[in-house]
2 protein chains.
Amino acid sequence: MNATIKDIAKRARVSYATVSRALNNKYGVRPETRARIREIARKMSYSPNGIARGLVKRQTRTIGLIIPDITNPFFPEVARGIEDGAQERGYSVFLCNTNWEDARERQYLELLAEKRVDGLVVAPISNVVDAVRGRQYGSIPVVYVSNAPQGTARSFVVIDNVRGAYLATRHLIDSGYRRIGFIGAVEGSLSIDERMEGYKVALRERGLAVSERYIKLGHFRQETGAAVIRGMIEEGDYPEAVFAENDLLALGVIQGVQGMGLAVPRDVAVVGFDDIPFAGFQEVQLTTVCQPKYHMGKTAVGLLLDEIGSGRPRSGAARQVVLEPELIVRKTSLPG
Amino acid sequence: MNATIKDIAKRARVSYATVSRALNNKYGVRPETRARIREIARKMSYSPNGIARGLVKRQTRTIGLIIPDITNPFFPEVARGIEDGAQERGYSVFLCNTNWEDARERQYLELLAEKRVDGLVVAPISNVVDAVRGRQYGSIPVVYVSNAPQGTARSFVVIDNVRGAYLATRHLIDSGYRRIGFIGAVEGSLSIDERMEGYKVALRERGLAVSERYIKLGHFRQETGAAVIRGMIEEGDYPEAVFAENDLLALGVIQGVQGMGLAVPRDVAVVGFDDIPFAGFQEVQLTTVCQPKYHMGKTAVGLLLDEIGSGRPRSGAARQVVLEPELIVRKTSLPG
DNA sequence: GAGCTTTTTGCAAACGTTTGCTACGCTGCG
DNA sequence: CGCAGCGTAGCAAACGTTTGCAAAAAGCTC
């Protein structure tokens, strides 16, 4: 139904090899011939078959993007950066939501392998991607974004989580708070250890005790933050300030605090992590550590396409970039 | 480098046709043979080449998703619904951000055609998709989501915009407001006409005059809302309430009002459209008309895959679903 | 105008599948 | 024992390109 190169060849009375060369601006076809062929192609509204091309060239100009959930406000900007970067260089991107499930991550890996994507950028939730290395996905370039499996040999672009957490916690301490809690997601995040680490480092550095009572883990949802703080308040023993592993949790904490009739930051101060779009909203003014989401996505895809382009064997070529976090002080952490 | 069907055939001492049939559970291969072949395939960690398959079967099990901007909080949920629906039926989806630009929309159309996607779901910004029908994209199934070109013959799933706007405006009137403004995006939205229509209908129905002074168009950005309302306030002539074409604009209006030292809803009430995730946030409590984003995405992709599956010629088979909007009354529209 | 170079074109193989058709070997029946 | 019928398996074409190589045509030089 769609016109093919052969149809054009017939009309133009040349071999289809010539048509191919003409259309691809390859060296070796007379300008007039080229023009004539192009014109015919246009008239027949020819659309090159990327599938056939992909088969012979063994590349699809396509990459896969595997993230937990595009609906989580952290990811759209990352995705956008990736898509923009890919698009600029002629690549298309498959969007894959794992919904924080290992099984789905694995499944997508397989699917994308069958689709013969040229590369993958992954915001991993665990080590599965790395684990399947050496099998069929072993040969396809992967770069991690947002966080990376510990000790991976692949490229990645992440933020310095322990430093970010350190900055956040130190800020709280320096603002005069002493009993500082940590609320995190027990699952769905490779970064929790690092962020808790930074939190503890800051505490110790300032000579404060790390109290397990104020360290709570839940799920990676906004409700977690609310539930956890509410629980503490009801028990009558709650921190003056909390550092939440991410902004969604932090927002939850704020809701929880207010739901109990207390106020932020008067009764409990809070700082988050990520700087999702609404953190800066007038009514919220959440102090948080910023991740340059768009930028991270864009540079990640840049690394990936470089690896793809160079055809360089992945090993040894890995570029692991860790960005410096920036603390954005807004209102939820300012003492009365 | 990747094992092919022929490699397996060699190892199994059968023809590669047999391997194909064995792996695809096709009729006509002895169970033991099938098992043996499968085992060998597994050992060689064979991954079927979807490109080659796509070439012969003339379908890629792939669809394109064209939206303006995944970063706009309206779209992630739609996208998620689409991806979920696609994934359930074995399809992958290309994410394409047009950035509200016609040219990019057109460009993606072409690209996706070359990639031979089996179908497209598009949140259109104008009529270009429909316009290019009849050319190469004419034959590929398209369903619109969120809004659709007027008079299109294709399938779509949208919300009843005029009714939604009517509901919103009427609610404002019934709450006692009289001077009600409309703020919209002049570009980047097919739905603006409909929403303004609903707004006017409500006004007239209640015997209120439509004052052009209170109807302002800007860009599709949050800042627009703020700037517009600020301008009116500075001029000393501003509405008691405003209906914003979407939540982002509405949020902007709120910021603008507060930035001028006034309060919402005391000095100016506001209602939005879309019910983006943060509209319901404690600190915001934006009254708005809800679009069931996830659901819209999921049903849109359902329609698309039905069309694809049936191989039915698109014409005549179009299913155009328009959803009933629901007004969610929160705090930004409640008089003192 | 012969020989040589350079440009333009065509041939055909390859990419990795799916699938219609044919061929082979059995089984069972008459 | 001959043959129909069936269950398995193989052959080869097709899908629509790209590209190395060879052939043809054209342009130069002397």
Starting at atom [atom1] of [X], determine the distance to atom [atom2] of [N], rounded to an integer number of angstrom.
X: B:Gln59; N: D:dA14; atom1: CD; atom2: P; result: 21 Å
X: B:Arg53; N: C:dG16; atom1: CZ; atom2: P; result: 14 Å
X: A:Arg13; N: C:dG10; atom1: CZ; atom2: C1'; result: 16 Å
X: A:Ile51; N: D:dG16; atom1: CD1; atom2: P; result: 12 Å
X: A:Ile5; N: D:dC15; atom1: CD1; atom2: P; result: 14 Å
X: B:Asp7; N: C:dG16; atom1: CG; atom2: C1'; result: 10 Å
X: B:Leu55; N: C:dC15; atom1: CG; atom2: C1'; result: 9 Å
X: B:Arg34; N: D:dA9; atom1: CZ; atom2: C1'; result: 13 Å

Give a yes/no answer on whether the side chain of [X] brings an N or O atom under 4.0 Å of OP1 or OP2 in [N].
X: A:Arg58; N: C:dC15; value: no
X: B:Tyr46; N: C:dT17; value: yes
X: A:Ser15; N: C:dG10; value: yes

First encountered from the 5' end of DNA chain D, between A:Lys57 and A:Ala52: A:Ala52
Can you tell me if [X] and [Y] form a side-chain donor-acceptor pair at under 3.5 Å?
X: B:Asn72; Y: A:Arg80; value: no
X: A:Asn25; Y: A:Arg38; value: yes
X: A:Ser155; Y: A:Glu307; value: yes
X: B:Asp84; Y: B:Tyr294; value: yes
X: A:Glu110; Y: B:Ser47; value: no

Provide the full list of salt bridge (Lys or Arg N to Asp or Glu O under 4.0 Å) pairs with a residue in residues 111-121 of chain A, sequence neighbours left out, each pair given once.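 Not a single pair qualifies under salt bridge (Lys or Arg N to Asp or Glu O under 4.0 Å).
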Find out whether A:Val29 and A:Val14 are in side-chain contact, i.e. whether some heavy atom of one side chain is under 4.5 Å from a heavy atom of the other. no
Those residues of residues 17-33 of chain A lying under 4.0 Å from DNA chain C by at least one heavy atom: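 Output list: A:Ala17, A:Thr18, A:Arg21, A:Tyr27, A:Gly28, A:Val29, A:Arg30, A:Thr33.
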